2 protein chains.
Amino acid sequence: MTDIYRAIADPTRRKILTLLSRNEYTQSELVDQFTISQPALKKHLSILVEEDLIAERKDGRYCVYRLKRDNFKDQYKKLQQEIGSVLDNKLKKLKTYLEGESDGESH
Amino acid sequence: MTDIYRAIADPTRRKILTLLSRNEYTQSELVDQFTISQPALKKHLSILVEEDLIAERKDGRYCVYRLKRDNFKDQYKKLQQEIGSVLDNKLKKLKTYLEGESDGESH
DNA sequence: AAGTCATATAACCATTTGGTTATAAATAAA
DNA sequence: TTTATTTATAACCAAATGGTTATATGACTT
């Protein structure tokens with residue numbers, strides 16, 4: 001999949017991403033950083049795995065999570081293009097105006 | 001309020017924002033750009049109004065929507081700081097390592 | 001005054017989200 | 001071989017999401 005919009009919609013998941021940007025962490029280490037239960041956090045981790053922004057690997061009884069930095073970067077670039085364009089469309093506004101797509105509309 | 005993450009989580013709302021980045025539109029003009037029903041689109045518009053990213057104004061029997069560009073820019077900047085930091089934390093990774101916050105952990 | 005067009009709102013539905021508690025299973029430590 | 005720790009999963013819950021249809025309200029048109 002990879003829906004970065006879904007991934008970052010939740011503050012807990014944003015914090016997880018921030019933590020994993022600095023280091024790998026086991027699930028229990030991550031749980032310690034939050035006040036929610038282990039199954040609740042596990043669900044957030046599953047969503048981030050599902051969206052391919054983090055990877056999990058087994059190490060004995062531990063489950064270690066790491067950021068998939070390359071894909072995260074790619075997906076974030078796309079977001080920036082889509083959302084960033086909303087901002088620099090003052091130019092397109094002018095273009096629209098000049099083309100006389102008639103702003104002073106009939107309604 | 002203003003939770004830009006919630007606002008942009010849905011593709012329909014992202015398209016609305018893109019459309020409003022170029023022009024003001026009435027509700028019915030917007031409805032024409034989608035395949036979903038008028039009440040469904042109205043709900044998306046209400047969420048964007050709630051999050052203070054667009055404004056609605058009455059003009060006769062029409063309801064005209066416009067992008068609140070200033071607030072959108074502010075909120076997007078914050079997003080960029082939060083999400084962007086996830087990426088350039090290779091530096092912080094190094095810092096963490098040098099400070100010996102011990103990566104080669106005991107687990 | 002009647003009809004039409006734009007918007008608002010209510011009622012409903014299925015799915016997703018974000019959480020909980022309880023418990024099982026697997027691995028490591030005593 | 002118990003015991004403790006870590007993770008996984010099931011069952012449940014309330015609220016939010018994203019959609020629908022039906023209908024009411026309001027404002028221009030004719």
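Just so we're clear, the structure is a prediction, and the values are computed from it rather than from any experiment. Naming convention: chains lettered A, B, ... in sequence-line order (proteins, then strands); numbering from 1 in each chain.
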Check: Out of curiosity, B:E50 CD to B:R6 CZ, how far, rounded to the nearest 0.5 Å?
Finding: 4.5 Å
Item checked: Interatomic distance, A:I36 CD1 vs C:dT21 P [rounded to whole Å] -> 12 Å
Notebook entry, point to check: Starting at OH of A:Y5 and ending at P of D:dG18, how long is that distance when rounded to a whole Å?
Noted result: 15 Å
Checklist line | Atom of B:I83, atom of A:R14 and distance for their closest heavy-atom approach | finding: CD1-CD, 4.1 Å
Note to self: Once hydrogens and angles are ignored, does a donor-acceptor distance under 3.5 Å link the base of D:dT7 to the side chain of A:R61?
What the structure shows: no
Item checked: Side-chain donor/acceptor of A:R13 to backbone N/O of A:A7, under 3.5 Å -> yes
Notebook entry, point to check: Can you find an N or O donor on one side and an acceptor on the other, under 3.5 Å apart, linking the side chain of B:Q38 with the base of C:dA6?
Noted result: no
Checklist line | Rounded interatomic separation in angstrom, taking OH from B:Y62 and P from C:dA8 | finding: 14 Å
Next item on the list: Measure from the side chain of B:T12, starting at C-beta and using heavy atoms only, and say which of D:dG19, D:dA22, C:dT7 lies closest.
Entry: D:dG19
Item checked: Comparing A:A40 and B:K58 on DNA chain C - which has the more 5′ nearest nucleotide -> B:K58
Next item on the list: For C:dA8, take OP1 and OP2 only and decide whether either is under 4.0 Å from a side-chain N or O of B:K42.
Entry: yes
Item checked: Protein-nucleotide distance (A:I16, atom CD1; C:dG18, atom P), rounded to Å -> 11 Å
Check: Rounded to the nearest Å, what distance is computed from the CE atom of residue B:M1 to the C1' atom of nucleotide D:dA16?
Finding: 12 Å
Notebook entry, point to check: Is A:R6 near enough to C:dT16 that one of its side-chain N or O atoms lies under 4.0 angstrom from OP1 or OP2?
Noted result: no
Item checked: Pairwise 5' ranking along DNA chain D for B:S37 and A:V31, keeping only the more 5' one -> A:V31
Notebook entry, point to check: Between D:dT17 atom P and A:I47 atom CD1, what is the distance in whole Å?
Noted result: 14 Å
Margin query: Looking at A:S28, I'd like to know whether one of its side-chain N or O atoms comes within less than 4.0 Å of OP1 or OP2 on D:dT7.
Written below: yes
Margin query: Rounded to whole Å, how long is the line connecting atom CG of A:D10 with atom P of D:dA16?
Written below: 14 Å
Check: Just how far, in rounded Å, is P of D:dG19 from CG of B:L41?
Finding: 9 Å
Next item on the list: Would you check if the side chain of B:K78 reaches a backbone N or O of B:I4 as a donor-acceptor pair within less than 3.5 Å?
Entry: no
Next item on the list: To the nearest 0.5 angstrom, please state how far the CG atom of A:L19 sits from the CZ atom of A:F34.
Entry: 5.5 Å
Note to self: Tell me whether the side-chain N/O atoms of B:H44 come closer than 4.0 Å to OP1 or OP2 in D:dG19.
What the structure shows: yes
Next item on the list: Assign each of B:E56 and B:K43 to its nearest nucleotide of DNA chain C by heavy atoms, then name whichever residue's nucleotide is nearer the 5' end.
Entry: B:E56
